[in-house]
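Just so we're clear, the structure is a prediction, and the values are computed from it rather than from any experiment. Proteins get letters first, then strands, A, B, ... in listed order; numbering begins at 1 in each.
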Amino acid sequence: MTTQIEFSGVNKHYGAYHALKDINLSIGKGSFVALVGPSGCGKSTLLRSLAGLEKITGGDISIAGEVVTTLPPRKRDVAMVFQSYALYPHMTVEENLTYSLRVHGVSKGERKKAAAEVAATTGLSDLLHRYPRELSGGQRQRVAMSRAIIRNPKAFLFDEPLSNLDAALRVHMRKEIRALHDRLGATSVYVTHDQIEAMTMADHVVVLRAGIIEQQGRPLDLYDKPANKFVAGFIGSPAMNFLPATVAEGRAATIDLGKGPIRLTIPVAAPIGSSVLIGIRPEHITLTAPGEGRFDAPVAFTESTGSTTFVSTATNPELMVVETGRRMVANGDLVGLAFADTAVHVFDGATEKRL
Amino acid sequence: MSETFRNRLLLVIALLLAAIYLFPLYWMYITALKTGSEMFATPPSFWPDDPQWSIFPFVFQLKGMGRFLWNSAVIASGSVALIAVLGTGAAYVLARYRNAWVDVGLFLVLMLQVLPASLMITPIFVLFTLTGILDFPRTAVILAIAAKSMPFFIVLVRATFMSVPMELEEAALVDGNSRVGAFWSIVLPLARNGILVSAILIFMQAFGEFVYSKSLIQEIELQPSSVGLNAFMGPNTNEWNRIMAFASIYVTPILATFVLLQRRIVSGLTSGALK
């Protein structure tokens with residue numbers, strides 16, 4: 001896979017604020033990359049730097065082998081879908097779609113043809129002569145996408161394009177965007193704060209925090225082997241349970257949930273006596289009868305969505321358990337908690353890195 | 001007090017205030033139409049017995065009003081053109097960039113508006129005499145009015161530009177346009193209403209401008225209507241009907257324009273605020 005987009009040593013300062021810290025990232029041609037992280041992590045800044053809307057203060061960006069660091073947006077040949085869609089309100093859908101072609105001097109006949117073709121694939125054929133204000137949220141979203149794909153650019157950039165849609169439409173558009181990406185064989189960079197979007201849509205997920213890439217890799221690798229506590233807590237929903245523990249002899253660690261020490265086996269070796277964090281995903285814990293699991297804990301409360309039940313324990317720290325099906329436990333019941341040794345993640349207590 | 005009663009009371013008060021406010025305008029029109037003796041009758045009549053319609057063409061001819069109105073139009077159009085071109089650019093920059101220098105600029109712009117014309121006219125007169133601009137009196141007045149009214153235009157148009165989302169411009173940039181191109185094809189069309197309304201308000205102001213025109217234009221054939229009207233006045237003036245006829249001819253076109261456009265003017269002024 002050839003590299004389509006390359007960030008090397010990219011830095012961005014806003015005055016004294018260091019927004020991007022030495023970002024190195026290479027994105028293969030045809031891949032779908034998600035930049036994900038909490039707000040203020042620099043993911044949008046990174047995307048806007050790639051588009052040329054922000055000037056980086058250090059490092060280089062190249063697209064398709066050409067260094068574009070100092071080029072204005074119009075010379076970078078990328079298309080962008082904005083969170084607010086940024087449709088031109090004084091233009092019809094057709095004029096919105098063909099704006100870039102008009103700027104590039106494509107003839108009127110060609111423009112009409114291109115708009116008709118794109119509209120046919122995105123289901124906008126009947127709306128070409130409407131204005132953006134006359135469209136629903138989902139339709140506007142489609143226009144924004146179509147405006148990007150009409151140009152056949154070197155890369156598609158998405159800046160949280162689904163965050164203004166309702167939940168059902170969001171799930172639907174996820175699939176549609178991914179299908180579109182596959183059909184066009186495009187290179188896409190997708191910014192989102194929603195880890196589910198990142199996990200379901202991307203081939204490669206980049207987790208950012210405070211201007212630093214915390215981890216990047218295939219979605220399931222991030223889920224199975226999070227590099228540190230932050231990624232472990234960010235990827236997966238509900239979030240991973242973290243328990244402070246002290247390493248004991250024989251690959252064991254003791255945790256304390258408020259009712260005396262509990263011994264657990266850990267999958268890695270660590271200096272005896274050092275403090276670590278044990279991470280267990282809620283979906284990897286199963287409820288058993290008291291005494292039959294690794295340890296027992298009282299139930300604080302339960303929430304059921306019908307298909308799954310979320311159980312919180314009255315321990316300190318609190319543990320979250322996700323049960324599929326409708327296991328009936330009442331508040332205050334004592335339950336046993338069981339999990340496999342392989343489900344245990346261990347992080348260094350001080351650096352929070354994976355051991 | 002019931003809701004409808006209160007509404008009616010407020011309506012009556014509003015109508016009363018409007019009547020008081022518009023009374024001078026009404027008095028201007030009926031005085032123009034009165035005969036000489038009716039004008040000075042006590043008690044005054046509120047409706048002319050024998051309307052003298054012929055006074056309008058008569059005064060128009062007598063005072064050479066065509067010339068005056070033409071000069072007013074030239075001065076107003078010139079000022080608006082100059083203000084619209086320079087002010088739109090300035091307003092855009094002040095709307096899009098935020099730093100200490102922009103704040104200083106904005107402060108100075110607002111300061112300019114505080115200074116009254118009667119205070120500014122002396123330094124302006126001296127400056128224009130020294131630079132020789134006074135040899136082109138109407139141009140001199142256009143420059144002076146532009147300097148005076150520009151802040152008002154900039155403040156209004158800046159608000160309009162700020163209501164155009166930055167993302168639209170960015171979308172145009174990514175779509176392959178330059179900053180200048182994005183300004184012309186995206187920002188300007190979206191700000192058009194606000195700019196037009198501000199320009200109309202400036203035009204009306206400039207059409208009635210008096211202080212600069214009176215001070216900078218000596219030649220009668222270059223003077224605008226406001227100065228022409230003032231020339232009527234003297235210590236022993238008694239031809240009120242002719243003065244009122246002059247005034248009526250002068251303001252009626254502006255009033256008509258305002259009434260026709262008032263819906264657009266009001267919506268243009270508030271569109272930025274409500275969105």
Side-chain angles (χ1 to χ4, degrees), chain A residues 14-15 44 47-54 63 68 71-91 95-106 131-133 140 143-144 146-161 164 189, chain B residues 84 88 91-93 95-104 156-199 263-264 267-275:
Chain A
Y14 292 103
S44 284
L47 191 77
R48 290 168 57 83
S49 305
L50 177 57
L53 297 172
E54 301 277 353
I63 300 174
V68 297
L71 292 185
R74 71 195 145 96
K75 296 202 173 142
R76 299 194 181 195
D77 193 19
V78 295
M80 188 157 168
V81 178
F82 290 82
Q83 182 173 5
S84 64
Y85 315 142
L87 302 181
Y88 311 126
H90 58 304
M91 297 184 191
E95 287 165 337
N96 262 285
L97 295 185
T98 56
Y99 180 80
S100 61
L101 303 180
R102 200 159 69 236
V103 170
H104 288 108
V106 176
Y131 283 91
R133 63 174 174 274
R140 286 178 199 180
V143 176
S146 309
R147 189 171 66 179
I149 63 181
I150 200 167
R151 288 169 45 191
N152 197 16
K154 290 192 185 120
F156 290 101
L157 315 184
F158 298 90
D159 190 3
E160 309 211 13
N164 290 341
V189 184
Chain B
T88 304
Y92 177 72
V93 171
R96 280 293 182 250
Y97 293 90
R98 281 237 66 92
N99 61 43
W101 291 111
V102 167
D103 288 339
V104 170
L156 285 182
V157 174
R158 176 173 175 262
T160 308
F161 279 138
M162 286 175 88
S163 72
V164 177
M166 190 66 202
E167 279 199 341
L168 293 182
E169 254 175 277
E170 293 177 342
L173 293 182
V174 175
D175 267 348
N177 219 331
S178 60
R179 274 217 87 153
V180 177
F183 176 77
W184 282 101
S185 66
I186 306 295
V187 183
L188 212 51
L190 291 174
R192 193 188 55 199
N193 259 8
I195 294 173
L196 268 181
V197 166
S198 309
R263 207 171 265 274
R264 276 195 84 161
S267 71
L269 282 178
T270 51
S271 66
L274 293 176
K275 209 180 160 188

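- Note that CD of B/E167 is 7.0 Å distant from CD of A/Q83, once rounded to the nearest 0.5 Å.
- Closest of all the heavy-atom pairs between A/V103 and B/N177 is CG2-ND2, 3.6 Å.
- Interface check for chain B: of the options A/P72, A/S84, A/A51, the most heavy-atom pairs under 4.5 Å are formed by A/S84.
- Panel note: side chain A/Y88, backbone B/A172; a donor-acceptor pair is recorded below 3.5 Å.
- Residue contact with chain B, scored on non-hydrogen atoms closer than 4.5 Å, is absent for A/L157.
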Assess whether side-chain contact (heavy atoms from CB on, under 4.5 Å) is satisfied between A/R74 and B/D175, documenting all intermediate values. CA-CA 7 Å; A/R74 71 195 145 96; B/D175 267 348; over 6 Å; no
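- Residues B/E170 and A/M80 fail the side-chain proximity criterion, which asks for heavy atoms closer than 4.5 Å.
- Of the atoms belonging to A/R102, not a single heavy atom falls under 4.5 Å from chain B.
- When heavy atoms are compared at a cutoff of 4.5 Å, B/L190 approaches chain A solely by way of its side chain, counted from C-beta outward.
- Between the side chain of A/H90 and the backbone N or O of B/V187 there is no donor-acceptor pair closer than 3.5 Å.
- In this structure, the separation between OG on B/S178 and NZ on A/K75 is 10.0 Å, given to the nearest 0.5 Å.
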Could you give me the CA-CA distance, side-chain angles and deciding distance for A/F82 and B/L168, then say whether side-chain contact (heavy atoms from CB on, under 4.5 Å) is met? CA-CA 9 Å; A/F82 290 82; B/L168 293 182; over 6 Å; no
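- With chain B as the partner, the residue from A/A144, A/P153, A/A148, A/A86 showing the most heavy-atom pairs under 4.5 Å is A/A86.
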